[in-house]
J.: 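Take a look at this one; I'll ask things after.
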Amino acid sequence: MAPTRLVVLISGSGSNLQAIIDSCKNGEINAHIAAVISNKADAYGLERAKKAGIPTAVLSHKDFATREAYDEQLLHVIDSFEPNLVVLAGFMRILTGNLVQKYVGKMLNIHPSLLPKYQGLNTHQRAIDANDAFHGVSVHFVTEELDGGPVILQAKVAVLENDTAETLAARVHEQEHIIYPLVVKWFSEQRLSMEADYAVLDKKQLPAHGAHYP
Ligand code: GRF
């Protein structure tokens, strides 16, 4: 099977990008990262990509008057790398319907909460404030609803008594770096697809919360 072509979109540190780079390099995932695109020129993830010899592109949202205009150009740049799968890895932008529709079923996101809980920002603090016993992370297909597409895989993380948003986030990140490469691997093995409002793994419909890791 030909390696799956990935385009990874980032805005920041890119630790999830790194986990995927490593999994591609060590042969765990049969995929090739065709490009890393960032909306921020100073995103550290761009350095990670360069170190790994991956082409990079920066497209600043500040250079565009509207979200639509930005996304139109972003779509153009993504298309130019001909990806089979677009991986959002800390890409801090809300995407327009046009862009999402073009890659529906072929675009993944990772969100640091047990979706459908805590869509949006500040998820770690919100889990602490709510006295949740468990927090976690979800990988899901991207649809037009923000953090709302079919969930594929979740990992739970226990919330400890003295947790701060930072300590909790650090433990969630450890899980992110395991489950994101795993989902990309499933996709690249053609075991994963999206139906109307659920994900399918090995021909079986996944529940609304996705599969659980481990
Ligand atoms: C992660 O917490 C991810 O869940 C969220 O953005 C963060 C990206 O971190 N979507 P990194 O840039 O991969 O280190």
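These numbers were taken from a predicted model, which means no experiment stands behind them. Numbering of ligands and ligand atoms starts at 1, following listing order.
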J.: Could you work out, with ring pair (Phe, Tyr, Trp, His ring centres under 6.0 Å) as the rule, every residue matching His177, not counting sequence neighbours?
T.: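 Here the qualifying residues are His173.
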J.: Would you please test Lys185 and Glu189 for salt bridge (charged side-chain N to carboxylate O under 4.0 Å, His left out) and show each step?
T.: CA-CA 6 Å; Lys185 177 181 160 74; Glu189 292 169 345; 3.1 Å; yes
J.: Among Ile, Leu, Val, Met, Phe, Trp and Tyr joined by side-chain contacts under 4.5 Å, find the other residues sharing a cluster with Tyr198 and list them by chain and number.
T.: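 Members besides Tyr198, by chain and number: Val200.
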J.: For atom 10 (N) of ligand 1, which of Leu88, Val139, Ile110 has the closest heavy atom?
T.: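 Going through Leu88, Val139, Ile110 one by one, Ile110 has the nearest heavy atom to atom 10 (N) of ligand 1.
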J.: Specify the closest pair of heavy atoms between Ala49 and Val36, including all atoms of both residues, with the distance to one decimal.
T.: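 Scanning both residues completely, I find the closest heavy atoms to be CB-CG2, 3.8 Å.
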J.: To the closest 0.5 Å, what do you measure between CZ (Arg48) and OG (Ser15)?
T.: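 Arg48 atom CZ to Ser15 atom OG measures 6.0 Å (nearest 0.5 Å).
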J.: Please say whether Asn109 places an N or O atom under 3.5 Å from an N or O atom belonging to ligand 1.
T.: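 N/O-N/O distance under 3.5 Å: no.
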J.: Taking 4.0 angstrom as the limit and counting only heavy atoms of Pro112, give me the atoms of ligand 1 inside it, by number and element.
T.: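 Checking each atom against Pro112, I get 4 (O), 5 (C).
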J.: Is Glu176 close to ligand 1, meaning an N/O of one under 3.5 Å from an N/O of the other?
T.: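 In this structure, Glu176 places an N or O atom under 3.5 Å from an N or O of ligand 1.
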J.: What's the spacing between His140 NE2 and Leu153 CG if we round to 0.5 Å?
T.: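 One gets 12.5 Å once the value is rounded to the nearest 0.5 Å.
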J.: Hey, is ligand 1 close enough to Val137 that some N/O pair sits below 3.5 Å?
T.: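 Checking ligand 1 against Val137, no N or O pair falls under 3.5 Å apart.
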J.: Nearest protein heavy atom to atom 8 (C) of ligand 1, by residue and atom, and its distance?
T.: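 Atom 8 (C) of ligand 1 sits closest to the protein heavy atom Gly90 CA, 3.6 Å.
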J.: Taking Lys117 as the fixed residue, which of Thr123, Asp147, Asp132 is the one that meets the side chain to side chain donor-acceptor pair (under 3.5 Å) rule?
T.: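 When side chain to side chain donor-acceptor pair (under 3.5 Å) is applied between Lys117 and each of Thr123, Asp147, Asp132, only Asp132 qualifies.
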J.: Could you identify the single nearest non-hydrogen protein atom to atom 14 (O) of ligand 1 and state the distance to 0.1 Å?
T.: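 Closest protein heavy atom to atom 14 (O) of ligand 1: Ser15 OG, 2.5 Å.
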J.: If you measure from each heavy atom of Gln18 to ligand 1, is any distance below 4.0 Å?
T.: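 No.
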J.: Who's the nearest protein heavy-atom neighbour of atom 9 (O) of ligand 1, and how far?
T.: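 It is His173 NE2, 3.4 Å.
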J.: Measuring from the heavy atoms of Gly14, does anything fall under 4.0 Å of ligand 1?
T.: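 Right, Gly14 reaches ligand 1.
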